[in-house]
Amino acid sequence: MEIPKNMSTGIYKRTPEMYKTRKGRPPWNKGKKDIYSEETKKLWSKQRKGRKHTEEEKLKIGKALKGGNSGSFSKERFKNKENHPRWRGGISFEPYSLDWTQTLKRSIRERDKYTCQLCSKQQENRAFDVHHIDYDKKNCDPENLILLCHSCHTKTNTKRNYWINYFKK
Ligand SMILES: [Zn+2]
């Protein structure tokens, strides 16, 4: 199939048929294949070789994947979420469970009348945090959720047992 070329730019012009199918379009890398010199390519393959895992490393990775207790992939180690590297003390916005939705947060804010349940401050510009009383992000029972302003929520990062007892009353 003859591809019409725009005479001034040399760019291939697409025919209406070509919009319907990829057939007949010049490949995206047409004319780009050899923009890198042999020298550059050699350098790349050298770098790749240098990045290969050593036999020792391979052994380590294999062990970890099998769930050895020293492996960072071990699930056992993260059963207690406080050991989890991403656990940031209850102020993370990561969805830990599907129930933990914006809708739920909104309903808690409404229930607690947009007021911090600790210092009675009213929510202004930034929405207040919904705190998990038992620090279990998966426990999205409204009984376990309470609205806190940002500074009060930060306080709950320390003395956890104290706050659990405090809010459960
Ligand atoms: Zn507060």
Side-chain angles (χ1 to χ4, degrees), residues 14 19-20 22 25 27-29 32 35-36 40-41 43-169:
R14 283 187 221 162
Y19 279 107
K20 287 178 210 154
R22 279 206 69 83
R25 284 200 210 173
W28 66 272
N29 57 353
K32 289 181 192 163
I35 56 169
Y36 301 108
T40 312
K41 283 178 197 165
L43 196 74
W44 282 349
S45 80
K46 225 184 190 173
Q47 282 172 341
R48 261 199 294 275
K49 264 178 206 153
R51 242 184 281 138
K52 257 188 184 164
H53 289 294
T54 63
E55 282 307 311
E56 200 196 344
E57 277 175 331
K58 273 186 202 162
L59 216 71
K60 250 190 213 167
I61 293 164
K63 234 186 195 172
L65 287 172
K66 272 175 214 146
N69 50 12
S70 65
S72 53
F73 295 97
S74 164
K75 272 182 189 161
E76 200 62 33
R77 197 176 142 204
F78 297 134
K79 254 193 180 162
N80 179 355
K81 62 186 171 300
E82 278 163 50
N83 286 342
H84 198 284
R86 276 182 292 138
W87 174 252
R88 285 180 300 175
I91 49 166
S92 158
F93 288 100
E94 231 176 288
Y96 277 75
S97 78
L98 287 172
D99 295 330
W100 185 235
T101 60
Q102 290 298 327
T103 317
L104 182 64
K105 284 190 196 178
R106 236 174 270 143
S107 76
I108 297 299
R109 289 191 186 107
E110 213 175 287
R111 183 199 68 187
D112 290 348
K113 299 187 171 60
Y114 305 93
T115 307
C116 173
Q117 298 301 296
L118 205 59
C119 70
S120 305
K121 203 160 83 183
Q122 284 275 314
Q123 180 179 303
E124 281 167 11
N125 302 322
R126 218 178 118 195
F128 279 177
D129 298 329
V130 177
H131 172 61
H132 286 77
I133 292 172
D134 68 357
Y135 295 89
D136 182 0
K137 289 261 169 191
K138 282 181 182 147
N139 183 358
C140 292
D141 186 325
E143 287 281 295
N144 187 45
L145 301 170
I146 194 163
L147 195 67
L148 294 180
C149 74
H150 306 296
S151 67
C152 288
H153 198 201
T154 309
K155 281 184 208 163
T156 63
N157 273 329
T158 53
K159 297 193 284 178
R160 288 192 174 200
N161 287 333
Y162 169 81
W163 292 113
I164 290 170
N165 286 323
Y166 184 94
F167 291 125
K168 274 190 173 163
K169 265 182 237 161

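Residues take their numbers from the sequence shown, with the count starting at 1. One-based numbering, in listed order, for ligands and for the atoms of each.
- Remark: the backbone N or O of H132 is not paired with any side-chain donor or acceptor of N139 at under 3.5 angstrom.
- The nearest pair of heavy atoms linking Q122 to T115 is NE2-OG1, 2.7 Å.
- Shown here is E124, whose CD atom has no more than 12 heavy atoms of other residues, nucleotides or ligands within 6.0 Å.
- At a threshold of 2.8 Å, the Zn ion (ligand 1) has a backbone or side-chain N, O or S atom of C119 nearer than that distance.
- For a distance bound of 2.8 Å, the N, O or S atoms of H150 include none lying that close to the Zn ion (ligand 1).
- Classification of the W163-Y166 ring pair by plane angle, with boundaries at 30° and 60°, yields perpendicular.
- Geometry at the Zn ion (ligand 1): SG/C152 and SG/C149 form an angle of 100°, nearest 10 degrees.
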